[in-house]
Amino acid sequence: MVRGESVTADPVRGILRPSSSYALVPSLLCGQAFRFRQSAGGVAGVCGSLALHVASAGRSLRITLPAGSAALAEAGRFLGVADNLREDAAESCAYLCGHYPDSAAAVREVFAFSEGLHLLHQQAVETIIGYVLSVQSSVELVRRRLDALAELFPANRRLLAGSDVFLFPAVAELRSLTAAEFDRLHLGYRTTWLRELIAGLPEENALEELREEHPWERRRFFRTFAGIGPKVSSCIDLFVYGNDDAFPVDVWVDRGLRHVLRFSSREVHATVGDSSALGPHCGLFGEYLFRYERERSVRLDPSCGQPPAKPPRSADTG
DNA sequence: CGCCAGGATCTGA
DNA sequence: TCAGATCATGGC
């Protein structure tokens, strides 16, 4: 919509007031939104057609959008400022402590570690593609892949907080990519997944309509794409459609379930595809567990310690 | 060179 | 149904 001459226009600025305390930096740096990073006293990045810079201002959030951007409300929805995080987290924590009393102390530590960490409401196309490209890849690598994909469309360049960012292309734009461009992305076996996904993905408005479906219907739909298995479909349901009962199990959450809830391999496996044993809002717990386990590994392993052991059976809260 | 990264899929029993 | 092998690529 922005045609060329907006370069001289001013960025859009505003203040958002979250309904409960908002832990800004961790929420955006823990890998929820791949293309966000720390920047100039806050956090900046792109998710889909939304580019924004966020900084804490007391109990409020100071928002900056590129010139010509849509209303501030879109940023508020993305950040989940209206979610009642405190109640949801308390409910999840209480459930888990009640059902796993031997792990209650460890569970409380996980929640305390990420207090104020909201779940983002991410835009569909970039998030779906991001998680398909995340298979057997690091978060940093996924971010670079999404950047490379976005930069194939120079018209989507915007100026944000003094640097260039690229909005993520729409489905219609993605369908114009050539085979040579796909090859140049060096995605390995994920190239086929991406090509077929772009070819078969509904347009943005149809993806929005899936919001009205039951979670299992969405799951059944996305699982029809090659490359979308139980973990990726759970991520889509959690991060795009805001179903905080979805519980993606990756290598970090796998370790976390063993450490914190003392799950066996059998119990971890049973959790994939059926998170009912973890109670309401367990997706929030899952995200906290992901972050907790990942940070814990970094603290334990400054190069002299052992890497996260394959059979992680001993858990010390130290 | 070997192992890991927000797994998914195929295969053989 | 289900553990095990295989799948490309980049980082360290």
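First the proteins, then the strands, lettered A, B, ... as listed; each starts at 1. Just so it is clear, the structure is predicted and the values come from calculations on it, not from any experiment.
- Within the 4.0 Å cut-off from OP1 or OP2 of B:dC4, not a single side-chain nitrogen or oxygen of A:R294 is found.
- Across C:dA8 and B:dT11, the matching P atoms stand 14 Å from one another, rounded to whole Å.
- When heavy atoms are screened at a 4.0 angstrom cut-off, A:V139 is found touching base atoms of the nucleic acid.
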Just the atom pairs and distances: protein N or O near nucleotides 9-12 of chain C's N or O, under 3.5 Å.
none

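- By the 4.0 Å N-to-carboxylate-O rule, A:E208 lies close enough to A:R211 to be salt-bridged with it.
- Ion pair A:E140/A:R37 flagged as a salt bridge, since at least one NZ, NE, NH1 or NH2 atom sits closer than 4.0 Å to an Asp/Glu carboxylate oxygen.
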Problem - Under 4.0 Å protein heavy-atom contacts per nucleotide of nucleotides 8-13 of chain B, with B for base, S for backbone only and - for none - result: SS----
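- Each of A:L65, A:L28, A:L72 was compared with A:L52 under the side chain to side chain contact (heavy atoms under 4.5 Å, CB included) criterion, and only A:L65 meets it.
- At whole-Å resolution of the value, CG in A:L257 and P in B:dG6 are 17 Å apart.
- Residue A:E287 contributes atom CD, which lies 12 Å from atom P of B:dG6 at whole-angstrom precision.
- Taking the 5.5 Å centre cut-off and the 30° plane limit, the aromatic side chain of A:F290 is classed as stacked on B:dG6.
- Note: A:H214 and A:W216 have parallel aromatic rings, judged against thresholds of 30 and 60 degrees for the angle between ring planes.
- Atom pair A:L146:CG and B:dG6:P shows a separation of 13 Å (rounding to whole Å applied).
- Look at CD1 on A:I236: it is 13 Å from C1' on B:dG7, rounded to the nearest Å.
- Taking atom P in both B:dG6 and C:dC2, one finds a spacing of 28 Å when rounded to whole Å.
- When rounded to the nearest whole Å, the span between CH2 of A:W252 and P of B:dG7 equals 10 Å.
- A gap of 12 Å separates the C1' atoms of B:dC1 and C:dC12, to the nearest Å.
- Residue pairs satisfying the ring-ring contact (aromatic ring centres under 6.0 Å, His included) criterion with at least one member in residues 150-185 of chain A, sequence neighbours excluded, are absent.
- Across all strands shown, A:E293 has no heavy atoms under 4.0 Å from either base or sugar-phosphate atoms.
- The shortest side-chain heavy-atom distance between A:I128 and A:F225 does not fall under the 4.5 Å cut-off.
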Practice task
In sequence, state the C-alpha distance, the side-chain angles, and the governing distance for A:Y288 and A:F113, and then conclude on ring-ring contact (aromatic ring centres under 6.0 Å, His included).
Solution key: CA-CA 8 Å; A:Y288 289 6; A:F113 184 71; 9.3 Å; no
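- A side chain to side chain contact (heavy atoms under 4.5 Å, CB included) with A:L284 is found for one member of A:L289, A:L117, A:L85, A:L238 and no other, namely A:L85.
- When the P atom of C:dC7 is taken as reference, atom CG of A:L194 falls 21 Å away, rounded to whole Å.
- The aromatic rings of A:H99 and A:Y95 lie parallel to each other, with less than 30° between the two planes, well short of the 60° mark.
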